[in-house]
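In what follows, a single structure is set out as structure tokens and then discussed.
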Amino acid sequence: MRQLKLDPELRNYYTQGVTFSDDLAGDIAADRAQYAEQKKLENIDVELSGSDGISYIKRLIPGPQGAADVLVGIHRPVGISSPLPALLWLHGGGMVFGHIDMDVDYIQKIARKVGCLIVSVEYRLAPEDPFPAGLEDSYAVLKWLSAQAHELDVKPSRIAVGGLSGGGGLAAALALLARDRQETDVMFQFLNCPMIDDGGMTPVNYKFTG
């Protein structure tokens, strides 16, 4: 059986009769394909060119030092006075699944309602690329967004980070990293049901519901 590196807090759980396939990566690939198909069906009416007043383009931007370029999706509401505030968006999927197109319908609704530019990030996923690969990809995009604010017609003082589930946890980590490195500013966090610990036992998980 493949040797897995486990956090001590999780070791007891995973030694109580839980087994893993020898072909762990193969199983994850199949699960990702199924997950992607489900999300494709959910967003079946969304065109790459954007919908309902949203333009949508994809581009590659420089990744972290020594790593590959990062694919981003740029969603811009049309017909709104600029420069715009911006939201860097991180998709969900437990940091193992997901891709930048899975939340298109949701984030384009945000772009229309708020009147902001949204940049979604195709960050690297575990287990092939363990932490902090996805976080460093996200940080590279945040720095790029801040540095290219003028080109993108964005207000550099109004850049927020956000995400859903696993992406919400990653967005929280990104805000902390930006604070610590002091190379760029984040003015707001939008964390939708964030995955911020391994057991779901933090107060936000049981005090704020519905």
Side-chain angles (χ1 to χ4, degrees), residues 35-36 38-59 61 70-95 97-123 134 137-176 178-179 184-196 204-205 207-210:
Y35 189 82
Q38 291 171 346
K39 293 301 177 181
K40 178 181 175 182
L41 292 175
E42 289 178 14
N43 289 322
I44 197 166
D45 293 326
V46 179
E47 300 293 336
L48 179 61
S49 59
S51 60
D52 296 331
I54 301 291
S55 68
Y56 179 26
I57 63 171
K58 292 181 180 178
R59 63 185 290 184
I61 66 109
V70 181
L71 179 67
V72 299
I74 303 173
H75 308 257
R76 177 186 295 276
V78 297
I80 298 179
S81 298
S82 47
L84 301 176
L87 171 65
L88 184 149
W89 182 257
L90 301 170
H91 65 76
M95 305 180 198
F97 303 100
H99 52 82
I100 60 172
D101 286 334
M102 62 181 281
D103 297 333
V104 165
D105 191 32
Y106 177 62
I107 60 178
Q108 289 195 351
K109 287 178 181 177
I110 295 173
R112 281 193 296 273
K113 204 164 188 112
V114 176
C116 67
L117 178 135
I118 298 181
V119 178
S120 53
V121 184
E122 185 87 333
Y123 56 86
D137 287 348
S138 305
Y139 185 76
V141 176
L142 178 62
K143 284 187 64 177
W144 169 83
L145 177 56
S146 179
Q148 300 301 316
H150 180 72
E151 176 197 337
L152 296 168
D153 211 4
V154 160
K155 294 180 180 178
S157 62
R158 298 194 65 195
I159 295 175
V161 298
L164 174 69
S165 190
L170 200 57
L174 178 59
L176 292 173
R179 177 203 65 186
T184 184
D185 292 326
V186 171
M187 57 83 63
F188 181 74
Q189 294 180 75
F190 171 35
L191 311 181
N192 189 336
C193 59
M195 187 179 81
I196 52 177
V204 71
N205 284 280
K207 285 189 176 180
F208 303 98
T209 61

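Partner of L84 under the side-chain contact (heavy atoms from CB on, under 4.5 Å) criterion, out of V114, I118, L117: L117 alone.
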Requested in this report: Could you walk me through whether L170 and S138 pass the side chain to side chain contact (heavy atoms under 4.5 Å, CB included) test, one step at a time?
Outcome: CA-CA 8 Å; L170 200 57; S138 305; 3.8 Å; yes

Requested in this report: Quick one: do V104 and H75 satisfy side chain to side chain contact (heavy atoms under 4.5 Å, CB included)? Show the steps, please.
Outcome: CA-CA 9 Å; V104 165; H75 308 257; 4.2 Å; yes

Query raised in the report: Do W89 and I100 pass the side chain to side chain contact (heavy atoms under 4.5 Å, CB included) test, and can you show the C-alpha distance, the side-chain angles, and the key distance before you say yes or no?
Result: CA-CA 9 Å; W89 182 257; I100 60 172; over 6 Å; no

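For L176, the side chain to side chain contact (heavy atoms under 4.5 Å, CB included) partners are R179, not counting sequence neighbours. Remark: A175 engages V161, Q189 in a side chain to side chain contact (heavy atoms under 4.5 Å, CB included) (not counting sequence neighbours). Listed by chain and residue number, Y106 satisfy the side chain to side chain donor-acceptor pair (under 3.5 Å) test with N192 (two or more places apart in sequence, or in another chain).
Across all their heavy atoms, P194 and G168 have their closest contact at CB-C, 3.7 Å. Residue G162 comes nearest to A171 through the heavy atom pair C-CB, 3.7 Å, listed as atom of the first residue, atom of the second, then distance. Taking all atoms of both residues into account, the shortest heavy-atom contact from G115 to P85 is O-CD, 3.7 Å. Looking at every heavy atom in both residues, A140 comes nearest to I61 through O-CD1, 4.2 Å.
Interatomic distance, CE of M95 versus CG of L90, reported as 9.0 Å (0.5 Å rounding). Atom CG of L88 and atom CZ of F190 lie 13.5 Å apart (nearest 0.5 Å). The line from CG of D103 to OG of S120 is 8.0 Å long, rounded to the nearest 0.5 Å.
Taking the six-membered ring for Trp and the full ring otherwise, the centers of F97 and H91 sit at least 6.0 Å from each other.
Residues Y56 and D101 have side chains in contact (heavy-atom distance under 4.5 Å, counting atoms from C-beta outward). Looking only at side-chain heavy atoms (C-beta outward), L174 and Y139 come within less than 4.5 Å of each other.
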Which side-chain N or O atoms in residues 144-160 pair as donor and acceptor under 3.5 Å with protein atoms at least two apart or in another chain?
from : atom 1 : to   : atom 2 : distance (Å)
S146 : OG     : T184 : OG1    : 3.2
E151 : OE2    : R59  : NH1    : 3.3
D153 : OD2    : S82  : OG     : 2.5

